Amino acid sequence: MRVLGIETSCDETGVAIYSEAEGLLAHQLYSQVKLHADYGGVVPELASRDHIRKTLPLIQAALKEANLSHTDLDGIAFTQGPGLVGALLAGSSIARSLAYAWKLPAVGVHHMEGHLLAPMLEDTKPEFPFLALLVSGGHTMMVAVKAIGEYEILGESIDDAAGEAFDKTAKLLGLDYPGGPLLAKIATQGTEGRFKFPRPMTDRPGLDFSFSGLKTFAANTIAKEGDDLQTQADIALAFEQAVVDTLAIKCKRALEQTKMKRLVIAGGVSANQRLREQLAVMMEKLNGKVFYPRTAFCTDNGAMIAYAGLARLKAGQTLDLAVKARPRWPINELPPL
Ligand code: KG4
Ligand code: ZN
């Protein structure tokens, strides 16, 4: 079975072809980062228009990369939610119409399920069950994963998502959008121990997160200490350490609670080097193992959508002919396979 995957939930147009027998056959990505840069964040209307421009050419490029024609495909998977409604509708309309024209089954994929399954695209994949820490620009979630579609949300952010906190703090430090990777880069020049940021919500039981206070802490620190280059790097380091520590403390707690030994991290922030290293050390101490996607598949991409879509199409889950987007879609409402 070969599935075309289409991702258009936010500011990246991703198209990929995944084969059950041969693995990933093509992966094309167009990032809109430059388009939104002047605005300091994603402008939904511009994002939708750009997905309309880019999706079909990327599909053609993916077919060419895989040396396939559309007649070699067995289904089309697309991101149906959660995300920006216009962006989702652009991808859904194109995907659903192509599937109709090409007489293929279509399936709508949950964007966070895509992220959660992205480590399955790697050689070392986790076996079920596992604990998943999903950390993206829009969501922060701790999920107990029994199997595909069997998700129990153990905790989530009550305010900003981890990636959002990175981006907002980066903005305060004068960095461009999306600032997460840029903040991580300047943090490597930071002085260890100059500033100490709080570890929010770690002093009480539970697995929920709160990151908006860290941004305020950063703003206050900048106001007090100034923002010369070294101070910026020192603040970036202290902020990154606080986020990573907080995520690690909650992962440890969730692992103890669920008695699981495998931890998956996925979503844009799982590209963060400090997070990966700290969790690797922690998992070794706990006699467990951490799994994550390659950097290109931590952030939004079509490959994870093709993979998740293939699993659901194989189980016979298909969509009717209507074009429907689900901008809000709790992951625990997904059906099992
Ligand atoms: O998963 P993703 O591409 O989009 C959403 O579904 O939201 O995640 C993007 C987020 C952005 O907030 C970005 O700043 C963050 O992931 N990010 C990082 C790093 N790379 C991407 N945050 C911290 N360190 C990184 N290396
Ligand atoms: Zn995402």
Side-chain angles (χ1 to χ4, degrees), residues 5-14 16 29-33 36-37 40-42 44 47 51 78-84 87-88 91 109-119 132-141 156-157 160-173 175-188 190 209 211-212 214-215 218 236-237 239-248 264-279 292-305 307-308 327-329 331:
I6 301 171
E7 154 63 34
T8 67
S9 68
C10 190
D11 59 348
E12 250 112 31
T13 318
L29 187 81
Y30 179 82
S31 169
Q32 303 178 351
V33 160
H36 303 290
V42 179
H51 286 306
F78 63 90
T79 305
Q80 200 177 13
L84 303 170
L88 292 168
V109 171
H110 191 290
H111 181 79
M112 297 313 290
E113 175 171 81
H115 276 305
L116 192 151
L117 296 176
L133 173 70
L134 301 180
V135 272
S136 73
H139 297 86
T140 305
M141 260 187 276
E156 49 195 329
S157 179
D160 292 353
E164 190 180 356
F166 263 99
D167 295 339
K168 286 179 174 171
T169 303
K171 198 171 185 175
L172 291 171
L173 293 170
L175 303 170
D176 285 341
Y177 184 86
L182 301 173
L183 185 150
K185 193 166 170 219
I186 68 165
T188 60
F209 304 91
F211 291 110
S212 70
L214 288 179
K215 162 194 75 194
L237 175 62
F239 169 83
E240 186 184 43
Q241 284 173 327
V243 175
V244 169
D245 264 359
T246 305
L247 293 173
V264 158
I265 50 169
V269 181
S270 68
N272 186 276
Q273 206 53 37
R274 181 177 297 276
L275 178 66
R276 289 178 175 209
E277 281 163 17
Q278 193 159 323
L279 290 179
Y292 42 76
R294 75 192 79 165
T295 311
F297 295 159
C298 286
T299 44
D300 293 348
N301 64 85
M304 66 186 196
I305 302 304
Y307 182 90
R328 281 178 216 289
W329 188 4
I331 196 169

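Start at 1 and go down the list; that is how both ligands and their atoms are numbered. A quick note: this is a predicted structure, and the numbers were derived from the prediction, not measured.
Under the 3.5 Å distance criterion, the side-chain polar atoms of Thr8 are matched with a main-chain donor or acceptor of Ala87. With His36 contributing its side chain and Pro44 its backbone, the two residues share no donor-acceptor pair below 3.5 Å. Arg276 contributes a side-chain N or O that, together with a main-chain N or O of Ser270, makes up a donor-acceptor pair within less than 3.5 Å.
For the residue pair Glu156 and His139, no side-chain donor N or O sits within less than 3.5 Å of a side-chain acceptor on the partner.
The Zn ion (ligand 2) lies at 2.8 Å or more from every N, O or S atom belonging to Cys10. At least one N, O or S atom of His115, from either the backbone or the side chain, sits less than 2.8 Å from the Zn ion (ligand 2).
Residue Gly180 has at least one nitrogen or oxygen atom sitting less than 3.5 Å from a nitrogen or oxygen atom of ligand 1, judged on distance alone. Considering backbone and side-chain N/O of Gly179, none are found under 3.5 Å from N/O of ligand 1.
Checked against the Zn ion (ligand 2), the N, O or S atom of His111 at the shortest distance is NE2. Within Asp300, OD1 is the N, O or S atom that lies nearest to the Zn ion (ligand 2).
Once rounded to the nearest 0.5 Å, the distance linking CG of Leu175 with OG1 of Thr169 reads 10.0 Å. The distance from atom OH of Tyr292 to atom CG of Asn272, rounded to the nearest 0.5 Å, is 11.5 Å. The distance from the CG atom of Leu237 to the CG atom of Leu183 is 9.5 Å, given to the nearest 0.5 Å. Interatomic distance, CD of Glu12 versus CG of Asn301, reported as 9.0 Å (0.5 Å rounding).
Summary of contacts: the protein heavy atom closest to atom 2 (P) of ligand 1 is Asp300 OD1, 3.4 Å. Scanning the protein for heavy atoms near atom 17 (N) of ligand 1, the closest one is Gly268 O, 3.6 Å. Atom 10 (C) of ligand 1 has its closest protein heavy atom at Gly137 N, 3.6 Å. Scanning all protein heavy atoms for the shortest distance to atom 6 (O) of ligand 1 gives His111 NE2, 3.1 Å. The closest protein non-hydrogen atom to atom 13 (C) of ligand 1 is Asp167 OD1, 3.7 Å.
For ligand 1, the atoms closer than 4.0 angstrom to any heavy atom of Gly138 are 7 (O). Those atoms of ligand 1 that come under 4.0 Å of a heavy atom in His115, given as number and element, are 1 (O), 6 (O). Heavy-atom contacts of Gly163 reach the following atoms of ligand 1: 12 (O) (cutoff under 4.0 Å). Remark: ligand 1 atoms within the under-4.0 Å shell around heavy atoms of Thr299 are 3 (O).
Here Asn272 has heavy atoms under 4.0 Å from ligand 1 in both its backbone and its side chain.
Residues Ala236 and Ala187 approach most closely at C-CB, 3.8 Å, considering heavy atoms. Between Pro178 and Pro181, the closest heavy-atom pair is O-CD, 3.6 Å.
Ligand 1 lies nowhere less than 4.0 angstrom from a heavy atom belonging to Gln273. Within the structure, ligand 1 lacks Cys10 among the residues with a heavy atom less than 4.0 angstrom away. Within the structure, ligand 1 lacks His139 among the residues with a heavy atom less than 4.0 angstrom away.
Between His115 and His111, the two ring planes are perpendicular [angle over 60°; tilted spans 30° to 60°].
The aromatic ring centres of Phe166 and Phe239 sit less than 6.0 Å apart.
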